[in-house]
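Written below as structure tokens is the structure these notes are about.
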Amino acid sequence: MSPPKITAETLRGWKGSRRIAALTAYDYPMAKLLDESGIPLILVGDSLGMVVLGYADTTRVTMDEMEHHTRAAARARPHALLAADLPYGSYVTAPQSVENARRLVAAGAEAVKAEGGRAIGEQVRAIREAGIPVIGHLGMLPQHVREEGGYHIKGRAEVEHQGLLADADDLVAAGVFAIVLELVVPAVAGEITRRIRVPTIGIGSGPECDGQILVCNDLVGTFPWFTPRFVQPRLRAFDQMRTAIAEWQRTI
Ligand code: KIV
């Protein structure tokens with residue numbers, strides 16, 4: 001019997017009872033592998049800009065690129081929920097956000113993710129009103145890396161801590177079904193997790209979140225040139241591929 005389809009409502013309902021393991025995939029084979037492995041949430045992250053397209057950060061990723069990779073991942077027809085990132089500059093106004101969220105849904109996404117808190121409340125509400133599930137993203141926001149001059153931990157200063165709580169409350173009120181917390185001080189991530197009624201999914205934010213997400217390439221070692229400090233790769237796939245290529249080359 002095939003496993004039941006995971007929806008946004010399924011994942012929201014796991015709050016407090018079941019942990020959420022989420023990974024990124026940007027193409028058909030990886031989406032299929034993650035789904036066969038029982039990963040319930042697959043994200044076509046705009047991290048594809050770095051780990052697949054070779055950009056320095058995520059700010060150059062376009063809607064066309066997100067659609068292309070979302071279509072590829074969606075061809076795996078996963079039981080997992082397939083979410084896709086709204087890329088930089090694609091959700092500046094509410095009407096633009098709805099139009100671009102619909103484009104990602106037409107490409108096969110079943111939910112979209114957007115970075116920011118109170119600043120994008122109106123956009124999140126508009127996407128929800130269009131019937132599209134939304135994942136929030138707070139803490140270090142990779143689409144803001146240029147303004148911020150790097151990837152910094154969030155929530156150390158009291159003003160930042162209070163800002164994160166207010167952002168989380170606002171996103172929940174706007175209708176998100178989960179919130180990614182990236183590089184948030186673990187104690188603050190734990191406080192947000194206990195405070196809100198939707199699951200938190202941490203990345204570099206400690207063990208107290210309701211789930212964890214990683215860029216899959218970091219986990220399996222297919223982007224060995226940079227690995228975030230909080231990731232312990234489980235495999236060095238590129239090293240093994242290098243060995244396989246060298247072995248083959250010696251045979252010809
Ligand atoms: O783009 C991405 O991969 C993300 C992370 C949270 C994994 O947003």
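Both ligands and their constituent atoms are indexed starting at 1 by order of listing.
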Counting from 1 in the order shown, the ligand 1 atoms closer than 4.0 Å to a non-hydrogen atom of Asp85 are 1 (O), 2 (C), 8 (O)
Fill in: Arg19 atom CZ: more than 12 heavy-atom contacts under 6.0 Å
yes
Flag the pair Glu122 and Arg125 as a salt bridge only when some basic side-chain nitrogen lies within less than 4.0 angstrom of an acidic carboxylate oxygen. no
For atom 2 (C) of ligand 1, the closest protein heavy atom turns out to be Ser47 OG, 3.3 Å
Numbered in order shown, the ligand 1 atoms found under 4.0 Å of a heavy atom of Thr24 are 3 (O), 7 (C)
At under 4.0 Å between heavy atoms, what of Asp46 touches ligand 1? The answer is both
Under 4.0 Å between heavy atoms, the region of Thr58 that gets near ligand 1 turns out to be neither
The atoms of ligand 1 lying under 4.0 Å from a heavy atom of His137, numbered in the order shown, are 6 (C), 8 (O)
Paired with Ile179, the side-chain contact (heavy atoms from CB on, under 4.5 Å) test is passed by just one of Ile192, Leu138, Val134, namely Leu138
Is the count of non-hydrogen atoms from other residues, nucleotides or ligands lying under 6.0 Å from Phe177 atom CZ greater than 12? yes
So for atom CH2, which belongs to Trp248, do other residues, nucleotides or ligands contribute more than 12 heavy atoms lying within a distance under 6.0 Å? no
Ligand 1 to Leu43, heavy atom cutoff 4.0 Å, flagged ligand atoms 2 (C), 4 (C), 8 (O)
In this structure, atom 8 (O) of ligand 1 is nearest to the protein heavy atom Lys113 NZ, 2.7 Å
Taking NZ, NE, NH1 and NH2 as the nitrogens, is one of them in Arg242 or Asp239 under 4.0 Å from a carboxylate oxygen of the other? yes
### Query
Is the number of heavy atoms from other residues, nucleotides or ligands within 6.0 Å of CD (Glu158) greater than 12?
yes
So for Leu48 against ligand 1, with non-hydrogen atoms under 4.0 Å, the contacting part is neither
For Gly45, the ligand 1 atoms with a heavy-atom partner under 4.0 Å come out as 1 (O), 2 (C), 3 (O)
